[in-house]
Every structure is written in structure tokens, then in C-alpha cells.
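Take a look at the structure set out below.
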There are 2 protein chains.
Amino acid sequence: MTKNLTPMIQSCVMHFGEMGSRWGINRTVGQMYALIVLNKEPLCADDIAEALGFSRSNVSMGIKELLSWELIKLQHLPGERREFYSAPGDVWDIAKTLIEQRRKREIDPTLSTLRNLLIEVPANTEEEYAQQRMREMHELIEMLTLWTSEIQRLDSAKLGKLLKLGSSIGKVLDLKDKLLNR
Amino acid sequence: MTKNLTPMIQSCVMHFGEMGSRWGINRTVGQMYALIVLNKEPLCADDIAEALGFSRSNVSMGIKELLSWELIKLQHLPGERREFYSAPGDVWDIAKTLIEQRRKREIDPTLSTLRNLLIEVPANTEEEYAQQRMREMHELIEMLTLWTSEIQRLDSAKLGKLLKLGSSIGKVLDLKDKLLNR
DNA sequence: CTGTAATTTCAGTAAATACTGAAATTACAG
DNA sequence: CTGTAATTTCAGTATTTACTGAAATTACAG
């Protein structure tokens, strides 16, 4: 059973579990991650199992998944035999990892599938039309990916400045528009 | 569409079904949408059921979902009693709708949850730390949303120009950097 | 090595989600 | 209206996905 979680942290953990499950991430893994992120000190598997009331083996599988996404890192605490896990201290690093992993797992295979279908010779008018849409999709995804990768290059400090820009952020893009309209 | 799917279209439909299911969208709904997008002419429910081998009722539910996401629109064809459905002709319109709907369904509730937790008074050091992370998350999400909404304002034509910019797209952001470093 | 604590694996089960067919409802031509 | 085609609903079932406990494996202190 859940032990030791304050209502505040509980709420946040539950919310991210819920959101995770809408994004193809197992609810319990989402909860585990929120817990780790919200905790200053690294947690061990038993801490997580106890705090969330999951079986030890479920936690083990969740950790394995989070490690495979590179969202947490393993560390050993002095004088502790057990393994501890923690999330990056900077939320922007977390977001960048998420974006990067999603790209590798979903975007790249999609682009590859589309490319393979685009080199085929259309057999009829319908395939010609379908290919045209695929071409547009491919271009769009490629472009959005390019943009995203540029933004990912920003470090937290730069991002902080951007943040301060606030609602005037549109100006950056207006500027770009001017660039485009030359 | 009373005939079978060509391998090309079949592959694309299957791929997007697969991808959809990774993004919290039911596989069959993903397939249905790919089919509609790739087809020049609007399709009726029976077309879809036949092309994909789903039950008529499953198609009905899928259509309901796609309509609720505003990803397809209903239309009547002259001399046809049945209802037909089609996707926007412009893939960027589709992407914008997806982004917008995701924002409404997931981002906004998340921001709201975070805000509610942030106005609470932290009960101890741990909650203080947790709130700090929540604050950072809130700021980051808000900023990314702002950026996204600016980009969403672009129409297809502008996007086309951006596309032509290709890999030199980084320059737009370099420019922004200069702006920030003043 | 040996013994024990920590972790992982995995077969079985529980839970959630998706899908179907039959029945109900709605839409509309005559 | 009436009859029929089209669509939706929904209870039941199938499928997929998640979770657990027991057993196996690994890690390491002594």
C-alpha cells in the first residue's frame, strides 16, 4: 500500500501516470518516473515499490524500461548495497531525452517506411494520389524533425532567456517571416 | 472502395495503425485514418469496413472518434444516401489539428494540475523540492506550448518556404540566438 | 568459495481495451 | 405515415497488456 507520500506528491504522481498511459506509456511506469523526478534523493527499487504499492518485480520491469529510455540513471550510494536511480536534475534534459527517444523509436521508422513506399512505381491513379500524400507527410515530418533538433540544441541557460522573452516570442518568428519574404 | 487494397497502401495503413497504437490511439482507428487520408475520394463506413475487414460497428465507433478529434469531416455525396468522410487535403492542416487536440486533452489539464499543486504551501523540505520541479515543468511546458502555437499560425504556403530553406533552417535560430545574446 | 541480499525473469493470472453481432435507433424516399 | 436502408448502441466476448509471486540469477561481503 502507498506509504509516506504526501497528498501533493501523490496527486502529481497520479496525474503523470494517467497522462503517460495516454501517450503509450504504461501507467505504473509513468507514476514511477514522476516519483523519481519529484524526489531529490535517488530512490531504490524497494522505495518505489513501497511508495506506490507495486510488486517488486513490477518495479524492476519499470526501471528496466526507464533505463532503456535513458530517462533515469543508476547509481550506487556509499555504504549501500542496493542500486539507486535518479532523474536528470534539469527538466529540459528530460524533455530533450523524451523527444530524442521518440524520434528514434517512432519518427525515424515512419520516415523510412514512407521513403520505401515512395520509391515504388505507382500502379494506378489511386496509388499516385496516395504517394503524393505520403510525399507531403514525409516532407512535413522531416521538417518538423529538423526544427525540433535545432531547438534541442539549446541548453537550459539559453532556454531560460527564451522563457523570459515570454509572449514576445512571436517576434522571433516574425523575424523569420521577414527573412522568408525577401 | 469495393476492391482490395494494393500492397503499397496496405503497408502504409498498417504502419500508421502500428504507430497510432504507440501514441495512445487505437490501432484500428489509426488504420482507418490512414485509409481515409490516402484516398482521394471520400469513403463511407461500408467502404472502410470492407477495405480493412472490420465489423461495421467497429468502423462506426472509429468514425465517431475521428470526428471528435476533428480529423475527418462528414459529407454527403449527390445521389447517395450514405454518409461519407474525408480528411483535410493538406497534411499540415492535419498536423495542426492533432497538435491542437493534444494540447486541449493533455497539455492543458497537466498545466492546470501543476498550477493547483503549486499554490499549496509546502509542508516540508521534500514538498518544497517537489514544487520546485513542478514549477520548472510548468514553465517548460508553457514555453513549448507557446512556441508550438506560434508555429501553428503558419499556413501551408509559409511552411512550404520554410521547407525550401532546408538544412539552413538553423540560421533562423542562430538569428534568434543573436537576438537573445544582446 | 559460501552465504545472503538484491535483482531479474517468467509463467500464470488479473485487468483493461478492443471488437463483434444483434437489437435499437435514426434518416429519409416514396 | 410506412418501409427500408443506414447508423449507432451495447452487452458479451476476444484480445492485448499489465502485474504478481515464485524461482532463478546475479552481486558481493566475509
Side-chain angles (χ1 to χ4, degrees), chain A residues 1-3 13-14 16-36 42-69 72-86 105-106, chain B residues 1-2 13-14 16-36 42-69 72-86 105:
Chain A
M1 265 287 104
T2 51
K3 185 203 164 190
V13 162
M14 290 304 151
F16 279 94
E18 205 50 57
M19 281 306 121
S21 74
R22 291 210 194 177
W23 283 84
I25 292 156
N26 169 336
R27 187 188 338 283
T28 55
V29 175
Q31 292 179 8
M32 286 173 54
Y33 197 54
L35 185 70
I36 293 171
L43 295 171
C44 72
D46 293 313
D47 293 338
I48 299 169
E50 188 176 8
L52 300 175
F54 302 153
S55 75
R56 186 59 189 70
S57 53
N58 193 10
V59 171
S60 176
M61 292 196 289
I63 286 173
K64 203 168 116 186
E65 175 137 14
L66 290 171
L67 284 171
S68 86
W69 281 76
I72 55 174
K73 71 175 209 289
L74 180 151
Q75 55 195 160
H76 283 99
L77 295 190
E80 264 287 4
R81 189 156 160 184
R82 291 172 302 176
E83 299 182 314
F84 286 74
Y85 304 92
S86 62
R105 291 161 191 242
E106 283 117 29
Chain B
M1 257 217 5
T2 44
V13 162
M14 290 304 151
F16 279 95
E18 205 50 55
M19 281 306 122
S21 74
R22 290 210 196 178
W23 283 83
I25 290 156
N26 168 337
R27 187 188 341 282
T28 57
V29 174
Q31 291 180 7
M32 286 172 53
Y33 196 56
L35 185 71
I36 294 171
L43 295 170
C44 72
D46 293 312
D47 294 338
I48 299 169
E50 188 175 8
L52 300 177
F54 302 154
S55 76
R56 185 60 188 68
S57 52
N58 193 10
V59 171
S60 177
M61 293 196 288
I63 287 173
K64 204 168 114 185
E65 175 137 12
L66 289 172
L67 284 172
S68 84
W69 280 77
I72 56 174
K73 71 175 210 289
L74 180 151
Q75 57 195 154
H76 282 99
L77 295 190
E80 264 286 4
R81 190 158 158 186
R82 291 172 302 176
E83 300 181 315
F84 286 74
Y85 304 91
S86 62
R105 291 163 192 240

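Keep in mind it's a predicted model, so treat the numbers as computed, not measured.
- Comparing A:Arg56 and B:Gly24 by the nucleotide of DNA chain C that holds the closest heavy atom to each, the one mapping nearer the 5' end is A:Arg56.
- Between the side chains of A:Glu83 and A:Tyr85, at least one donor N or O lies within less than 3.5 Å of an accepting N or O.
- Each of A:Met61 and B:Met61 was matched to the nucleotide of DNA chain D holding its nearest heavy atom; the match closer to the 5' end belongs to B:Met61.
- When both distances must be under 3.5 Å, the Watson-Crick or G-U wobble mate of D:dA29 is C:dT2.
- Backbone-only contact: A:Asn26 has heavy atoms under 4.0 Å from sugar-phosphate atoms and none from a base.
- At least one donor-acceptor pair under 3.5 Å links the side chain of B:Asp47 to the backbone N or O of B:Cys44.
- Nearest heavy atom pair, residue A:Met32 against residue A:Val59, reads CE-O, 3.5 Å.
- Using Watson-Crick or G-U wobble geometry with both donor-acceptor distances under 3.5 Å, D:dT16 finds its partner in C:dA15.
- The shortest side-chain heavy-atom distance between A:Ile48 and A:Leu35 falls under the 4.5 Å cut-off.
- When all heavy atoms of A:Phe16 and A:Ala34 are compared, the pair lying nearest together is CB-CB, 3.9 Å.
- Contacts of B:Arg82 with the nucleic acid, taken as non-hydrogen atoms under 4.0 Å apart, involve only primed sugar atoms and P, OP1 or OP2.
- Judged by a 6.0 Å distance limit and a 45° cone about the ring axis, A:Arg105 is positioned over the six-membered ring of A:Trp69.
- Comparing A:Cys44 and A:Ser21 by the nucleotide of DNA chain C whose heavy atom lies nearest to each, the residue mapping closer to the 5' end is A:Cys44.
- When DNA chain C is scanned in the 5' to 3' direction for atoms under 4.0 Å from non-hydrogen atoms of chain B, the outermost contacting nucleotides are C:dA18 to C:dC28.
- Nucleotide C:dA24 forms a pair with D:dT7, judged by Watson-Crick or G-U wobble geometry with both contacts under 3.5 Å.
- For the pair A:Glu83 and A:Asn58, nearest-nucleotide mapping onto DNA chain D gives the more 5' position to A:Asn58.
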